[in-house]
Number of protein chains: 2
Amino acid sequence: MKSIAKMSGVSVTTVSRVLGGSSKVNQKTYKRVMGVIKKVGYRPNALARGLSMQKTRTLGVILPDASNTFFSKIGKAIENTVRSHGYSVFLCDTDGIVDNEISAIKSLSERWIDGIILVAPRIDLRMLIRFSQEYEFYPIVADRKVEGIPIPAVWVDNMGGMIQATEYLIKLGHKRIGFVAGPPDVFNAIQRLNGYKEVLKRYGIPYQEKLVFTGRFMIPDGYAAAEYFLSLKEKPTAIIASNDLMAIGILKYLKSNGFEIPKDISLVGFDDIEISEALYPALTTVAQPIYEIGKNAAKMMLDYIETGRLVPNIVLHTHFVVRDSCR
Amino acid sequence: MKSIAKMSGVSVTTVSRVLGGSSKVNQKTYKRVMGVIKKVGYRPNALARGLSMQKTRTLGVILPDASNTFFSKIGKAIENTVRSHGYSVFLCDTDGIVDNEISAIKSLSERWIDGIILVAPRIDLRMLIRFSQEYEFYPIVADRKVEGIPIPAVWVDNMGGMIQATEYLIKLGHKRIGFVAGPPDVFNAIQRLNGYKEVLKRYGIPYQEKLVFTGRFMIPDGYAAAEYFLSLKEKPTAIIASNDLMAIGILKYLKSNGFEIPKDISLVGFDDIEISEALYPALTTVAQPIYEIGKNAAKMMLDYIETGRLVPNIVLHTHFVVRDSCR
DNA sequence: CTGTTAGCGCTTTCAT
DNA sequence: ATGAAAGCGCTAACAG
């Protein structure tokens with residue numbers, strides 16, 4: 001910067017102003033300086049700028065599992081919408097481990113990122129708020145319901161989605177519905193289970209523990225769940241998986257063991273990831289507005305940073321996608 | 001830092017030395033200062049440190065599509081292996097567009113990252129080398145063959161993998177094999193097509209353009225490909241997809257149109273992503289060492305940065321996974 | 001409209 | 001073993 005100041009015969013300040021698009025610069029000097037900048041191919045030093053401005057135009061995104069399409073799509077959505085506003089994104093993968101979330105927050109804060117978007121975090125939110133104050137970043141929570149805590153959040157009505165799915169099955173005549181739950185420490189997993197329970201209650205069907213199998217949202221868990229359900233004396237006539245990945249595992253087990261879907265057993269998933277439609281039979285599932293989650297979280301962050309004021313929460317809704325895996 | 005210097009009655013320099021783990025510091029002062037650091041919960045400012053040291057302990061990773069498990073797994077592998085060495089990772093998604101790759105490089109270089117790992121980049125490598133010199137970062141290329149250009153790279157023998165797949169089909173008795181290619185500007189896509197052609201030649205089977213359909217590596221492309229192949233007068237008895245995602249699309253089309261696999265038509269994929277095994281029939285495919293690609297790229301980068309010297313290329317190999325989609 | 005000057009928080013000679 | 005001071009590249013008052 002110093003050199004380009006020299007080359008164009010002005011002070012560094014003026015160069016800085018040209019770079020910053022300040023209005024207080026003579027048209028002619030502006031052009032001259034800009035010319036030199038272009039010619040030399042000068043690139044500003046974001047570190048120095050950040051150090052000086054106390055702002056980095058960089059955001060952190062913390063994901064439980066970047067190799068899961070559901071989350072990576074959210075990450076992608078965030079990056080896309082934020083980039084057009086001149087922000088860059090730091091991505092951290094935590095494998096769903098709280099300690100990793102915490103160290104990600106710390107590491108991010110050392111880099112003076114302006115804000116952190118936590119996707120489906122498991123961290124205690126009071127702790128998060130403490131960190132955000134101590135390290136001075138704007139927090140946003142995505143894909144987890146937040147209540148009574150001043151952190152802007154966007155989430156999906158998981159319970160409502162599961163209610164719809166369960167109800168659909170019951171109306172189809174199913175009474176014994178197996179449920180593959182997610183990890184009990186994941187808020188969304190609980191919500192989905194609650195949706196299932198709620199519908200059973202409404203329809204006067206007793207809730208049975210043995211019809212619930214708990215997994216960790218991965219394909220093999222679904223496989224194991226199906227194996228378990230089919231070992232039962234009274235086998236379920238339908239199975240709901242708390243996410244599509246586990247539904248895929250179920251599908252796999254059923255088909256390799258000679259069961260036909262939906263003839264012998266009905267199956268419902270949750271998420272509507274891309275492959276679900278391509279499965280055979282195409283999976284009936286609860287579609288989440290995946291991209292929207294990320295996009296909204298990003299927008300909220302931009303807003304939050306801009307205004308410095310808490311932005312209102314956003315609740316998105318699922319929609320039930322009927323395909324060919326139930327009857 | 002200043003305040004903790006004051007609190008422990010030493011100079012900033014000493015604090016800096018304590019933080020940096022310098023040996024030239026009295027045991028007692030070390031402990032005293034460390035105590036204060038811990039108590040205050042001090043966090044270093046990575047920006048200032050970076051500015052001063054001209055090193056940020058941060059790497060950039062540029063991916064064509066972060067929402068594709070294949071790439072996000074690679075990204076995850078990189079982050080995992082690099083994190084234990086104190087490095088953080090900036091992830092950029094380019095949607096496979098060269099211009100985005102270039103702006104990602106620029107944006108990353110402004111942040112003074114120490115190195116950039118480009119995964120399956122489409123950029124002209126001479127240009128990359130120019131950038132790396134101009135902006136002073138260490139480049140590593142992953143998942144693309146690099147020859148005659150001084151950029152360390154790790155890639156997979158795509159052609160060899162496809163040769164194996166094609167040969168397998170031919171030995172099964174197939175003569176009319178449809179091939180779903182990837183984008184012609186993607187190096188790996190060309191390599192895979194070449195593998196296919198090579199085997200045809202070896203076995204004296206004439207190469208026919210109409211048996212090749214070009215897609216963009218996504219599920220719908222496979223669907224379209226299958227539709228195309230089955231509209232042919234002489235339909236292929238087997239189809240090879242250049243990646244598993246497209247194979248899934250093919251599977252979908254075939255099954256929804258009453259074709260049985262492998263009875264009516266055989267199918268082979270490429271990549272061996274997680275779902276491929278869970279499909280029905282389980283997909284016979286060419287497995288890539290996905291995690292290894294990322295891990296090796298990361299290690300090479302660490303090495304490169306450490307020694308400042310070019311590290312040798314690494315060529316990984318596929319292995320053919322026979323499952324149930326061929327006969 | 002433009003330049004001077006003082007930091008931003010940290011590392012690193014160079015003295016002591 | 002410790003400290004003073006310069007400097008990394010940039011922005012932001014404050015003067016002019």
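Just so you know, these numbers use all the heavy atoms, side chains as well, and skip hydrogens, waters and symmetry mates. Since this is a predicted model, take the numbers as computed values, not measurements. Letters A, B, ... are given to chains in the order of the sequence lines, protein chains preceding strands, and every chain is numbered from 1.
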Selection residues 61-72 of chain B - residue pairs positive for salt bridge (charged side-chain N to carboxylate O under 4.0 Å, His left out), sequence neighbours left out
A/K76-B/D65

When every nucleotide of nucleotides 4-11 of chain C is labelled 5' to 3' by its protein contacts under 4.0 Å (heavy atoms), B for base, S for sugar-phosphate only, - for none, what sequence of letters results?
BB-BBBBB

Take atom CZ of B/R111 and atom P of D/dC10, then tell me their distance rounded to the nearest Å.
14 Å

Whole angstrom value for the distance that separates P of D/dC10 from CD1 of A/I37
10 Å

Show every donor-acceptor pair shorter than 3.5 Å between a side-chain atom in residues 288-305 of chain A and any protein atom, with sequence neighbours excluded, or say none if there are none.
| unit_1 | atom_1 | unit_2 | atom_2 | d |
| --- | --- | --- | --- | --- |
| A/Q288 | NE2 | A/D271 | OD1 | 2.8 |
| A/Y291 | OH | A/N80 | ND2 | 3.2 |
| A/N296 | ND2 | A/E292 | O | 2.8 |

Applying ring-ring contact (aromatic ring centres under 6.0 Å, His included), which residue pairs with at least one partner in residues 95-125 of chain A are found, sequence neighbours left out?
none

Tell me the interatomic distance from A/K6, atom NZ, to D/dG9, atom C1', rounded to whole angstroms.
14 Å

For A/T14, side chain to side chain donor-acceptor pair (under 3.5 Å) partners two or more places apart
A/S11

Do other residues, nucleotides or ligands put more than 12 heavy atoms under 6.0 Å from A/R216 CZ?
no

In a table with atom names and distances, give each donor-acceptor pair under 3.5 Å that connects a side chain of residues 45-54 of chain A to protein atoms at least two apart or in another chain.
| unit_1 | atom_1 | unit_2 | atom_2 | d |
| --- | --- | --- | --- | --- |
| A/N45 | OD1 | A/L47 | N | 2.7 |
| A/N45 | OD1 | A/A48 | N | 3.1 |

Under the rule for side chain to side chain donor-acceptor pair (under 3.5 Å), what residues qualify as partners of B/R32, not counting sequence neighbours?
none

Show me the pairs that pass salt bridge (charged side-chain N to carboxylate O under 4.0 Å, His left out) and involve residues 116-127 of chain A, at least two apart or across chains.
A/R122-A/D185

Take the C1' atoms of the five end pairs on each side of the helix from C/dC1-D/dG16 to C/dT16-D/dA1, derive the two axes, and give their angle rounded to 10 degrees.
40°

